[in-house]
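Excluded from the calculations below are hydrogen atoms, water molecules and symmetry mates; all remaining heavy atoms, backbone and side chain alike, are included. Just so it is clear: chains get the letters A, B, ... in the order the sequence lines come, proteins before strands, and each one is counted from 1.
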Number of protein chains: 2
Amino acid sequence: MEHAGAIERPAILERMAAELRRSGLRPTRQRVELGRVLFAKGCRHISAEELRAEAAAAGVQVSLATVYNALHKFTEAGLLREVAIDSGRAYFDTNVSDHHHFFVEDEGQLIDLLGDVEIDNLPEPPEGMEITALELVVRVRRQT
Amino acid sequence: MEHAGAIERPAILERMAAELRRSGLRPTRQRVELGRVLFAKGCRHISAEELRAEAAAAGVQVSLATVYNALHKFTEAGLLREVAIDSGRAYFDTNVSDHHHFFVEDEGQLIDLLGDVEIDNLPEPPEGMEITALELVVRVRRQT
DNA sequence: ATTTGTGCAAATCGTTTGCATCTGA
DNA sequence: TCAGATGCAAACGATTTGCACAAAT
């Protein structure tokens, strides 16, 4: 049995730290904790404020500025994907693979669109432009 | 030749006023002028601040609150379509027909996507939800 | 030791709101 | 007349920034 001091970092955090290091990010205490909250539950869509609330609920208090900083760094590093749909609020998606979304109007909720949608007959981009991403948003509404 | 007083409204404004009335909107001086600026040049994508600047450049000074009010009323009336792509800024599209967009990253510019893109193999919306719109955004970047 | 991140509070940006005043039907 | 619009300024929510302090390499 290995030595377990009171300040030793649990294995899950150690793994998070390693992953951050692998992505070229300095594994600070805050980033490690935020990363754990973010990636613990599989794929999800979360806003900065929500992440902060979740972290706080888990006993990790970080400033909002740090949350934004971390989210942007994670995104740069390819660990997250930013989804800009709603004007006013930015969502970060832990699913960085190529996929689309349902967007529930009036609730601002994002849902991954499963299966592979086919998008054909796409026109050429304007002169001198190259396509960087295709984003399909299927707006939905709770039936009346 | 009909009487032409100094304060008579030019024909183009009269037509705008008629169109607003037809849409159930009270054709106030500000709305008529904003409508003229908006719809004079065919299809376009414009933000509130841009519209205000254009109006101002044309000698029409309106408060920003009124610009927002007008844009929203026009949208409700089906004269405009709101395009929410960039988080932070709302664009209004004078092309209300069913179509998609190129979004030029780093410039925040919207360009209509011509031709009819085919979107197939769309999954069912979640239980109790109905689709209200399909929005495809093709992100592009100026080639390096 | 040096670089990089953090926290806080203030600043910014786009948008909305409250309210007194004005205006079109 | 009078519901509905306007203008202004203040309120707002999300995000960013400046800067002194703290922590990671």
Determine all donor-acceptor pairs shorter than 3.5 Å in which one atom belongs to a side chain in residues 121-134 of chain B; sequence neighbours excluded.
residue  : atom : partner  : partner atom : Å
B/Asn121 : ND2  : A/Asp116 : O            : 3.1
B/Thr132 : OG1  : A/Glu105 : OE2          : 3.0
B/Thr132 : OG1  : A/Arg139 : O            : 3.3

Atom pair distance, as rounded to whole Å: CG in A/Leu64 and C1' in C/dA10 | 14 Å

B/Glu50 CD to C/dG14 C1': how many Å, rounded?
-> 12 Å

Let me check something: any side-chain donor-acceptor pairs from residues 76-83 of chain A under 3.5 Å, sequence neighbours excluded? List them with distances.
residue : atom : partner : partner atom : Å
A/Arg81 : NH1  : A/Ser97 : O            : 3.1
A/Arg81 : NH1  : A/His99 : O            : 3.3
A/Arg81 : NH1  : A/His99 : ND1          : 3.2
A/Arg81 : NH2  : A/His99 : O            : 3.2

4.5 Å side-chain heavy-atom contact, B/Leu113 and B/His101 | no

Are A/Leu34 and A/Val60 close enough that some pair of their side-chain heavy atoms sits under 4.5 Å apart?
-> no

Numerically ordered, the residues 65-73 of chain B set in heavy-atom contact under 4.0 Å with DNA chain C is B/Ala65, B/Tyr68, B/His72

Tell me: CD1 of A/Ile46 to P of D/dT15, nearest whole Å?
-> 12 Å

Do the side chains of B/Val137 and B/His100 get nearer than 4.5 Å, heavy atoms only?
-> no

Rounding to the nearest 10°, end axes of the helix from C/dA1-D/dT25 to C/dA25-D/dT1 built from five pairs each make an angle of 30°

Test item: side-chain donor near acceptor, A/Asp112 and A/His45, under 3.5 Å = yes

B/Asp98 atom CG, neighbour heavy-atom count above 12 within 6.0 Å = no

Side-chain contact check for A/Arg89: nearest option of D/dC8, D/dA14, C/dT6 is D/dA14

Rounded to the nearest angstrom, tell me the gap between atom CZ in A/Arg52 and atom P in C/dT6.
-> 14 Å

Can you name the nearest heavy-atom pair linking A/Val62 to A/Ala55, along with the distance?
-> CG2-CB, 4.4 Å

A/Leu20 CG to D/dA24 P, in whole Å, measures 13 Å

Take the protein atom CD of A/Glu33 and the nucleotide atom P of C/dG7, then report the distance between them rounded to whole Å.
-> 11 Å

Whole-Å distance separating the CZ atom of B/Arg31 from the P atom of D/dG4 | 11 Å

How about B/Leu71 and B/Asn69: do any of their side-chain heavy atoms sit closer than 4.5 Å?
-> no

Residues in salt bridge (Lys or Arg N to Asp or Glu O under 4.0 Å) contact with A/Glu118, at least two apart in sequence or another chain | none

Where do N or O atoms of nucleotides 22-25 of chain C meet protein N or O atoms at under 3.5 Å, pair by pair?
none

Close side-chain approach of A/Phe74 to A/Leu20, heavy-atom, < 4.5 Å | yes

May I ask you to evaluate whether A/Gln30 reaches the phosphate of C/dG7, defined as a side-chain N or O under 4.0 Å from OP1 or OP2?
-> yes

